[in-house]
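The block underneath contains the structure these notes are about, expressed in structure tokens.
As the structure is a prediction and not an experimental result, all values here were calculated from the model.
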Amino acid sequence: MSVSAKESLILSLGKLVWLGLPVLLCGFPAWSQRPMDQTAKSAPADSQRTQASTGGQQHAEHRAGSISGKVVDQSGVDIAGAVVKLTREGQSPGLEVTSDEDGLFSFSNVAAGPFHLTISSPELASQDFSGTMESGEAYVTPVFMLVIPTQVTEVHVEGLTPEELADVQIKEQEKQRVFGVIPNFYVSYEPNAAPLTAKHKFGLAWKSASDPVTLVGVGVLAGIGQAAGRWGAYGQGAQGYAKRYGATYADVFAATFIGGAVMPSVLKQDPRYFYKGSGSKRSRILYAVASSVKCKGDNGRWQPNYSNIIGSFAGAGLGALYLPANDRRGSGFVVSSALIRLGETSLAGVLQEFVFSKVTPNRPRRSASQH
């Protein structure tokens with residue numbers, strides 16, 4: 001082969017390779033598409049990172065929190081076992097927990113938003129509380145104080161005679177106790193109470209004088225008198241205490257029966273204090289103070305309280321018979337003792353009007369029309 005023929009062959013092969021190179025490149029599309037694949041793969045990854053970041057922000061905005069508090073009674077003592085119910089709008093049923101021995105309760109994992117609590121315990125009035133909790137907040141409620149509920153007594157009088165109605169009302173009165181303990185039988189919260197018969201008056205006097213709390217109270221007064229050296233002629237020791245106890249109880253018994261049963265039966269007067277409960281404070285004070293010299297008759301009309309006045313002087317006179325001679329000084333002792341008894345009646349009226357009515361939980365309530 002000549003030199004010119006070789007050169008022609010080499011040039012032809014060169015042209016063939018040059019023209020075939022694009023065809024060769026097109027035959028392997030992955031080479032040209034690899035950057036696009038990497039871009040396509042990086043896009044979902046960025047999207048996932050963005051979604052994860054957004055989800056984290058939303059989770060941070062809706063973190064669960066807690067609600068805690070404390071339950072006590074009206075004297076401040078912790079209540080264990082109180083039921084606390086948590087309810088949320090649109091959710092039913094609610095969650096319930098009970099307070100521990102320290103009166104504490106707690107709800108955990110509580111979502112943000114408004115909530116409502118109901119706190120209850122046997123024989124105590126329940127309480128309700130509403131609030132709104134922020135995300136992740138440790139919400140602490142005010143201290144919940146549960147009190148003894150006021151009982152409402154309804155007396156149906158259809159077909160009852162006045163004496164039968166008085167029986168019902170007296171039974172209700174005999175449930176009245178200050179702080180639920182101290183007898184408070186001689187007050188009527190019914191302004192138009194049925195008149196009492198002599199049987200009612202003596203029964204009420206005996207109920208008051210024989211009540212265990214009265215007997216304990218007499219014992220306390222006798223002990224105080226002995227410690228203070230009152231009625232010194234009685235001496236000290238067990239014998240002196242027994243004499244003081246007998247003298248103190250004789251005072252209580254005489255005042256209760258003479259002023260609350262004997263004279264009211266003879267003079268047809270009502271020995272009870274009739275709670276006013278309305279009007280100005282001044283008018284109520286004057287009404288209460290006047291109770292020692294003013295009372296209702298069995299006819300329902302107001303009149304001088306002869307029963308209390310005579311009973312006070314009679315009781316003081318009896319006291320002069322058994323008290324040591326050194327502790328009673330003629331007629332002045334009787335008069336001063338009687339005036340003290342009348343003053344005690346006025347003070348008792350003020351306490352009935354402004355204090356005892358609030359701390360006698362089982363007293364009957366009057367309707368608005370009766371005030």
Side-chain angles (χ1 to χ4, degrees), residues 73-75 77 120-126 146-220 249 252-253 255-257 259-261 264-265 269-278 288 291 295-296 298 300 344-345 347-371:
D73 63 17
Q74 58 191 5
S75 61
V77 177
S120 60
S121 183
E123 299 182 1
L124 297 175
S126 61
L146 304 185
V147 301
I148 299 174
T150 300
Q151 296 182 0
V152 179
T153 303
E154 296 182 0
V155 179
H156 299 278
V157 301
E158 294 85 350
L160 296 181
T161 65
E163 183 174 349
E164 290 172 337
L165 178 57
D167 283 336
V168 174
Q169 292 174 343
I170 285 295
K171 288 179 181 178
E172 293 300 325
Q173 284 179 215
E174 290 176 349
K175 298 177 183 178
Q176 297 168 180
R177 292 181 181 270
V178 176
F179 299 115
V181 177
I182 304 172
N184 194 25
F185 306 152
Y186 274 95
V187 58
S188 173
Y189 293 98
E190 168 56 58
N192 300 312
L196 303 180
T197 64
K199 178 182 176 182
H200 292 136
K201 295 170 185 176
F202 277 90
L204 192 60
W206 173 251
K207 178 74 174 178
S208 178
S210 63
D211 190 87
V213 178
T214 301
L215 300 179
V216 172
V218 169
V220 172
Y249 185 72
V252 172
F253 189 89
T256 302
F257 268 84
S265 298
Q269 293 186 323
D270 199 313
R272 296 172 292 182
Y273 177 86
F274 286 85
Y275 177 69
K276 189 174 189 295
S278 61
S291 63
C295 71
K296 269 189 178 184
D298 289 344
E344 290 172 347
T345 304
L347 175 60
V350 174
L351 293 176
Q352 291 287 7
E353 195 66 32
F354 295 98
V355 180
F356 293 165
S357 60
K358 298 178 180 179
V359 291
T360 303
N362 52 346
R363 72 176 179 86
R365 291 282 184 178
R366 298 184 294 181
S367 63
S369 62
Q370 293 174 322
H371 282 277

What are the two closest non-hydrogen atoms of [X] and [Y], and how far apart are they?
X	Y	answer
Pro361	Gly180	CD-N, 3.8 Å
Ser121	Leu146	CB-CD1, 3.8 Å
Asp211	Pro183	OD2-CG, 3.3 Å
Phe274	Pro191	CD2-O, 4.1 Å
Gly260	Pro264	C-CG, 3.6 Å
Ser278	Lys276	O-NZ, 2.8 Å

With sequence neighbours excluded, tell me which residues meet side chain to side chain contact (heavy atoms under 4.5 Å, CB included) with [X].
X	answer
Val187	Gln176, Asn184, Tyr189, Tyr273, Tyr275, Gln352
Ala205	Tyr186, Thr256, Phe257, Ala261
Lys199	Thr197
Val181	Val213

All salt bridge (charged side-chain N to carboxylate O under 4.0 Å, His left out) counterparts of [X], not counting sequence neighbours:
X	value
Asp167	none
Asp73	none
Lys175	Glu172

If we ignore hydrogens and angles and just use 3.5 Å, is the side chain of [X] paired with the main-chain N or O of [Y] as donor and acceptor?
X	Y	answer
Ser291	Ala288	yes
Lys207	Glu174	no
Gln269	Asp298	no

So, do [X] and [Y] sit near enough that their side-chain heavy atoms are less than 4.5 Å apart?
X	Y	result
Leu165	Glu190	no
Leu204	His200	no
Arg272	Lys296	no
Gln169	Leu196	no

TODO: Measure the spacing between NZ of Lys358 and CG of Leu351 and express it to the nearest 0.5 Å.
DONE: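 Rounded to the nearest 0.5 Å, the NZ-CG separation comes out at 12.0 Å.
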- [ ] Step through the shown structure and confirm whether more than 12 heavy atoms of other residues, nucleotides or ligands are within 6.0 Å of CZ on Phe179.
- [x]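 Not more than 12 within 6.0 Å, no.
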Open item on the list: Go through it in stages, so that I can follow the logic: the residues are Val147 and Leu124, the test is side-chain contact (heavy atoms from CB on, under 4.5 Å), and I'd like the CA-CA distance, side-chain angles, deciding distance and then a yes or no.
Closed with: CA-CA 5 Å; Val147 301; Leu124 297 175; 5.9 Å; no
